[in-house]
Amino acid sequence: MTLRISTNAIFQAGTTQINTLQGQMAKTQMQLSTNKRMLTAADDPIGSAKALELTQSQSMNTQFGTNRTNAKSSLSMVDKTLQDVTTQIQNIQSLIVTAGNGGYSQSDREALATELEGRLTDMIGLANTTDGSGTYLFSGYQTTTQPFTQTPTGAAYQGDQGQRSLQVGSARKMAISENGSAIFEANATGNGTFVAQAAATNTGSGIIAPGAVSDRSKLTGHDYSIAFKVAGAPAVTTYTVTDNSVSPASAVLSNQPYTAGAAISFDGISFDIKGDPANGDTFSVQPSQKQSVFTTVTDLIKTLRAPADGSTGKAALANNLSMASQNMKNALDNVLTVQASVGARLKEVDYLDSTGDDLNIQYQTTLSGLQDLDMVKAISLYTQQQQTLQAAQVSFKTMSGLSLFNYIS
Amino acid sequence: MGTGTQISQVKRYSDDFLNAQVRTAQASSSGLEAYQAQVQQVDNLLADTTSGLSPALQDFFSAVQNLTGDGAGVSSRGSFMTSADTLAARFQSMNGRLDEIRKGVNTQLTASVTTINTYAKQIAQLNDQIGKLTDSRGLNPPNELLDKRDQLIMDLNKQVKATVVPGDNNSLTVSIGNGQPLVVGRSAFQLAATNSPTDQTRVTVGYVVQGKVTPMAESALTGGELGAVLQFRSQSLDAAQNSLGRVAIALASTMNDQNRLGLDGNGKPGGDIFTVAPAEVTKNVNNNQTSTTAITAAVVDATQLTTSDYKVDFDGTNYNVYRLSDNKKTVISPFPQTQPQVVDGLAFSVTGTADSGDNFLVRPTLGGAANFKLALTDGAQIAAAAPIATSVPMTNSGSGKISAGSIDKNYLAAPLAGPVTLAYNKATATLSGFPAGNAISMTVNGTTTSYPAGSNVPFQDGASYTVAGMSFTMNGAPANGDTFTIAPNTGLGDTRNASLMGDLQSKNILDGGKATYQSAYATLVSTVGNKTREVQANAAAAAAQLTQAQSAANDVSGVNLDEEAANLLKYQQAYQASGKVMQIADTIFNALLQIGH
């Protein structure tokens, strides 16, 4: 049996087919003109969802890049300022060495003191550095408060101990600021463990050395005083070390014969005293505390301005310069430690930058794989569709033109 | 003489079985086409990666991040405000487009119902005329009217799927839905487009019986444009709008929660950044007029929100909350309420008295996007700073450290009035001085131990402590008498809280902590995309089926011109042959006559 096709069906099928082909072609054309594989989510629902999430990841990655730039600029500024602070501290250290020159007169020291005043102002200026937008670098969270103001005993800190941080990677928040307290105030006194000091009332010429820890396990953290007694004929100098932190105060070493420069050791502590302490002179050994570098410098200026006459005055000057030197060394160490940590962070930012760039390329590649059109494929498809449409049009024209009626005249 | 020929009947070539197939195919194809046209609008709205929600969302979070990097924060607070406003505008404009589509659905439903009613009337009239013109022997049927009726039934199927059963007197009975008769003999029934009793803005289809409109189940009205539009609204449009609203509500409420945990630029606790849309509660117009019930639903946990709507009804004893997506029922207990009943992160509060059977529709997420607005009026109100700051005095001689600390929502109940100082006692290795009246919990390597209020708590290097909503970590080795201070923060250059806001972008918040804002939106996009794709494919298939059914039916009842031409030639030749015969007969007859002369 043969298939009977109504003429109407032929026309209907022809137009439907041509319509469909034109629709397909229009879509390919749209894909080609936008260079996008997915025109709407319907073209690839899962791909679209993935693309949206990837776009977010990419945009976050870009944002973290911006944050890293900000972090870098902040940290670099901190780093630069700390370098300047380091230079200032080193300058002060060399001034201390100069001040120890035995040939210097009172007026020479006065000149040094004046120079130091300038240095101190410079350093306070550095501590009050602001960034481009007027934000103080070293005041913690108090970004609009000037961190340091000079006082008769040094400088007062008005900031807080906050550290501002930025998200510099998907799982990394990085501190981008340092507080002034940690940089300028958290400096240990003495040798870092204890402070060996001469009493201001001493009349002899005893000079106490900074000392060192001889046995860390024996350290008590107590206050000690070393009292000298000069008695008898010929005069014999002895000393007694008393632990003032126990109640009642008890002697650790009693009436030890004094030899200039010989080590005095007790409770894991070791130091020596040179020169001739007078009867009744005392020295103290106390646990280290924290002192602002500005206080150290201010004290140093006072020391240089104080008269240093005779052996007593020279000993007091030597004791005070030694103390200042230790404290400045500690301040330098502290600044260098902070600077090292800033440097490490800067390095990490660079590392994160390169991972961020890699990640960006990965996102871009994946996104492009999801969204972008395979041009070659699409163009060839378009040509194919064009030919099919032409064929359909020509064949439709021929077929619809065919009619037996053409032959009936 | 012969009697010649007589035409007893012009027979309609028509196959009832094939015609029924065409009608079914027509209903399904028209329906899918209508669905496709509707859902494509939503698809196009969501698809654009440059104008959809995504770019606005990303810009907003970029602004949050930029704020964290700007200690002074004047300009970045401004850009935060702008991009938050843009985000709100984007939510609103997308929602506005969905509202437009929703209005279009209403219009289309009304138009469709009018068309169906017209067809029903015309079919009933034709039934009447055909019955009158059909003779008792069933001969000489009014073919033209029959064709016309067939065509009307086909057109009716474009609007809604109709079942046709032959009736008495050559009439056809047409029914729709669950067998509701539309045309029986000479009479036609009517549909009506009315407002939903629970939502006066939503057009639904009802069936008119003796002047009263009975709502028809949407599920019964399948096929055709009417069925498709109803289906599109309930399956795709409602879901899309709720889904968008849910993202908006989750974003608004979580950002607000975070902002409340911070300190703004004026040193005050933060407030709302965005307005959170209240749930839309509508009461069924058929509820007893004396019912005094008032229902509110507030979002208390955005992570638990669903995209479903809820029905609250009173069964005479209890108020029940039904989640409409799966009809899960929650009884509000106890009633009267002592506290709101929480269902899916929504706190339902019910007051007043209702009649048995009274019900209410609660749509928590529908208005989410429309009401997503910037609540801040000034960039200074962004709570970028954390409310507490820790410090270690310079007089400490040990190496103990305290972390910057963070707070949770328990802190808001009793914020610090002044500094709290923790002191370390070396002899007992404990910390004392925790805020009075608060239990303390200490976490070491993931193990948490609780200590009653006022306790001295052991110090351990690396341990975390939580007290009164504040958490911090202690490190190092403090010396005896060392102190650590936790104080109200005064440094407004702090951006810790802004940073936590920024974290929300990649945090899994929605769907019980499984989806970010963006992935919840992506799910919406892919769901609509999938539906569009499915409908496109089905529409193409249905169109092909319709073409096939039509050509099959056409092939029986239709005309092939070549066939007709051939027949024509055949008849022409037969005619010519007959003519020839006549001519020959004539010739013979004449010859005979001449012979006779």
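Sequence lines set the chain letters: A, B, ... in the order given, protein chains first and strands last, and positions in each chain run from 1.
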Enquirer: Looking at A/Thr145, A/Asp43, A/Leu166, which has the largest count of heavy-atom pairs under 4.5 Å with chain B?
Expert: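 The answer is A/Leu166.
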Enquirer: Can you say whether A/Phe64 sits under 4.5 Å from chain B via the side chain, the backbone, both, or neither, judging by heavy atoms?
Expert: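 Looking at A/Phe64, just its side chain touches chain B.
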Enquirer: Heavy-atom cut-off 4.5 Å, strictly under: side chain, backbone, both or neither for B/Val535 against chain A?
Expert: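 Contact with chain A involves no heavy atom of B/Val535 at all.
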Enquirer: Counting only non-hydrogen atoms closer than 4.5 Å, does A/Gln63 touch chain B with its backbone (N, CA, C, O), its side chain (CB onward), both, or neither?
Expert: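 Answer is side chain: those atoms of A/Gln63 sit under 4.5 Å from chain B.
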Enquirer: Is a donor on one side and an acceptor on the other found under 3.5 Å between the side chain of B/Asp562 and the backbone of A/Leu404?
Expert: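 Present.
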Enquirer: Check each atom of A/Asn179 against the heavy atoms of chain B and say whether the ones under 4.5 Å are side chain, backbone, both or neither.
Expert: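 Answer is neither: A/Asn179 stays 4.5 Å or more from chain B.
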Enquirer: In Å and rounded to the nearest 0.5 Å, what is the CD to OH distance from A/Gln56 to B/Tyr517?
Expert: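 It comes to 10.5 Å.
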Enquirer: With a 4.5 Å cut-off on heavy-atom pairs, point out which of B/Ala385, B/Ser62, B/Ser506, B/Ala540 contacts chain A the most.
Expert: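 Highest number of heavy-atom pairs under 4.5 Å: B/Ser62.
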Enquirer: Between chain A and each of B/Leu57, B/Leu561, B/Thr523, count heavy-atom pairs under 4.5 Å; write down the option with the most.
Expert: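 Most heavy-atom pairs under 4.5 Å with chain A: B/Leu561.
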Enquirer: With a 4.5 angstrom heavy-atom cut-off, which part of B/Gln505 approaches chain A: side chain, backbone, both or neither?
Expert: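 Both backbone and side chain.
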Enquirer: Ignoring hydrogens, what is the shortest heavy-atom contact between B/Gly529 and A/Pro45? Give both atom names and the distance.
Expert: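 Nearest heavy atoms, B/Gly529 then A/Pro45: C-CG, 3.6 Å.
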Enquirer: Mind ranking A/Ser59, A/Ser292, A/Ser177 by heavy-atom pairs under 4.5 Å with chain B and telling me who comes out on top?
Expert: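 Top count of heavy-atom pairs under 4.5 Å with chain B: A/Ser59.
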Enquirer: List for me each residue that meets ring-ring contact (aromatic ring centres under 6.0 Å, His included) alongside A/Phe148, sequence neighbours excluded, and say none if there are none.
Expert: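 A/Phe148 satisfies ring-ring contact (aromatic ring centres under 6.0 Å, His included) with A/Tyr157, A/Phe184, A/Phe294 only.
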Enquirer: Would you mind checking which part of A/Gln289 comes under 4.5 Å of any heavy atom in chain B, side chain (CB onward), backbone (N, CA, C, O), both or neither?
Expert: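 For A/Gln289, neither part sits under 4.5 Å from chain B.
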Enquirer: For chain B, which candidate among A/Gly162, A/Ala13, A/Ala186 shows the most heavy-atom pairs at distances under 4.5 Å?
Expert: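 Highest number of pairs under 4.5 Å: A/Ala186.
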Enquirer: At a heavy-atom distance under 4.5 Å, which candidate from A/Lys50, A/Met60, A/Gln291, A/Gln163 has the highest pair count against chain B?
Expert: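 With the most close heavy-atom pairs to chain B, the winner is A/Met60.
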Enquirer: Would B/Thr68 and A/Gln167 count as having a side-chain donor-acceptor pair, cut-off 3.5 Å?
Expert: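 No, no side-chain donor-acceptor pair sits under 3.5 Å.
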Enquirer: Calculate, to the nearest 0.5 Å, the distance between atoms CD1 and CG belonging to A/Ile10 and B/Asn560 respectively.
Expert: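 One gets 6.0 Å once the value is rounded to the nearest 0.5 Å.
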Enquirer: So does A/Lys290 have more than 12 non-hydrogen atoms from other groups sitting under 6.0 Å from NZ?
Expert: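 More than 12 heavy atoms, drawn from other residues, nucleotides or ligands, come within 6.0 Å of this atom.
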Enquirer: Shorter than 4.5 Å, heavy atoms on both sides: which option in B/Lys531, B/Gln536, B/Gln58 has the most such pairs with chain A?
Expert: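 With the most close heavy-atom pairs to chain A, the winner is B/Gln58.
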Enquirer: Between A/Lys173 and B/Ser499, do the side chains contain a donor N or O and an acceptor N or O under 3.5 Å apart?
Expert: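 Yes, a side-chain donor-acceptor pair sits under 3.5 Å.
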Enquirer: Among B/Asn530, B/Asp43, B/Asn44, single out the residue with the greatest number of heavy-atom pairs under 4.5 Å to chain A.
Expert: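 That would be B/Asp43.
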Enquirer: What part of B/Gln550 is in contact with chain A, defined as an atom under 4.5 angstrom from a non-hydrogen atom: side chain, backbone, both or neither?
Expert: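 Side chain of B/Gln550 only, per the 4.5 Å heavy-atom cut-off to chain A.
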Enquirer: For the pair A/Ser181 and B/Met394, evaluate side-chain contact (heavy atoms from CB on, under 4.5 Å) and give the outcome as yes or no after the intermediate values.
Expert: CA-CA 8 Å; A/Ser181 175; B/Met394 281 302 135; 2.6 Å; yes
Enquirer: Checking heavy atoms, do the side chain of A/Thr20, its backbone, both or neither come under 4.5 Å from chain B?
Expert: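 Neither the backbone nor the side chain of A/Thr20 comes within 4.5 Å of chain B.
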Enquirer: Calculate, to the nearest 0.5 Å, the distance between atoms CD and OG1 belonging to A/Gln161 and B/Thr390 respectively.
Expert: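 So the CD of A/Gln161 and the OG1 of B/Thr390 are separated by 7.0 Å.
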Enquirer: Chain B heavy atoms under 4.5 Å from A/Asp160: which part of the residue, side chain, backbone, both or neither?
Expert: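 The side chain, not the backbone.
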Enquirer: With a 4.5 angstrom heavy-atom cut-off, is it the side chain or the backbone of A/Asp131 that approaches chain B, or both, or neither?
Expert: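 When you check distances to chain B, no heavy atom of A/Asp131 falls under 4.5 Å.
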Enquirer: For A/Thr66, is it the side chain, the backbone, both, or neither that has a heavy atom closer than 4.5 Å to a heavy atom of chain B?
Expert: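 For A/Thr66, side-chain heavy atoms alone lie under 4.5 Å from chain B.
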Enquirer: Do you know which of B/Leu524, B/Leu568, B/Asp503 has the most heavy-atom pairs with chain A at a distance under 4.5 angstrom?
Expert: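 Top option by heavy-atom pairs under 4.5 Å: B/Asp503.
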Enquirer: Could you walk me through whether A/Leu52 and B/Val525 pass the side-chain contact (heavy atoms from CB on, under 4.5 Å) check?
Expert: CA-CA 9 Å; A/Leu52 279 177; B/Val525 171; 3.6 Å; yes
Enquirer: At a heavy-atom separation under 4.5 Å, does B/Ala479 approach chain A through its side chain, its backbone, both, or neither?
Expert: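 Neither part.
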Enquirer: Run the numbers on B/Arg496 and A/Tyr141 for side-chain contact (heavy atoms from CB on, under 4.5 Å), then give the verdict.
Expert: CA-CA 10 Å; B/Arg496 280 176 291 163; A/Tyr141 298 143; 2.9 Å; yes
Enquirer: Out of B/Val528, B/Asn66, B/Thr547, return the one with the most heavy atom pairs under 4.5 angstrom to chain A.
Expert: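 Of the candidates given, the most pairs with chain A belong to B/Asn66.
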Enquirer: Take A/Gln142 and B/Thr490, measure what side chain to side chain donor-acceptor pair (under 3.5 Å) needs, and give me the verdict at the end.
Expert: CA-CA 7 Å; A/Gln142 318 270 351; B/Thr490 51; 2.8 Å; yes
Enquirer: Which one, A/Ala49, A/Ser48, A/Ser57, leads in non-hydrogen pairs under 4.5 Å with chain B?
Expert: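 Max contact count across the listed options: A/Ala49.
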Enquirer: Using non-hydrogen atoms only, which part of B/Asn489 is less than 4.5 Å away from chain A: side chain, backbone, both, or neither?
Expert: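 Interface part for B/Asn489: side chain.
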Enquirer: Between A/Asn67, A/Ile46, A/Asn70, which has the largest tally of heavy atom pairs under 4.5 Å with chain B?
Expert: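 Among the listed options, the one with the most contacts to chain B is A/Asn67.
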Enquirer: Any pair with a residue in residues 132-145 of chain A that passes salt bridge (Lys or Arg N to Asp or Glu O under 4.0 Å), sequence neighbours left out, goes on the list, sorted by first then second residue, please.
Expert: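 Salt bridge (Lys or Arg N to Asp or Glu O under 4.0 Å) check on residues 132-145 of chain A returns no pairs.
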Enquirer: By a 4.5 Å heavy-atom criterion (distance strictly below it), what part of B/Thr516 contacts chain A: side chain, backbone, both, or neither?
Expert: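 Just its side chain gets close to chain A.
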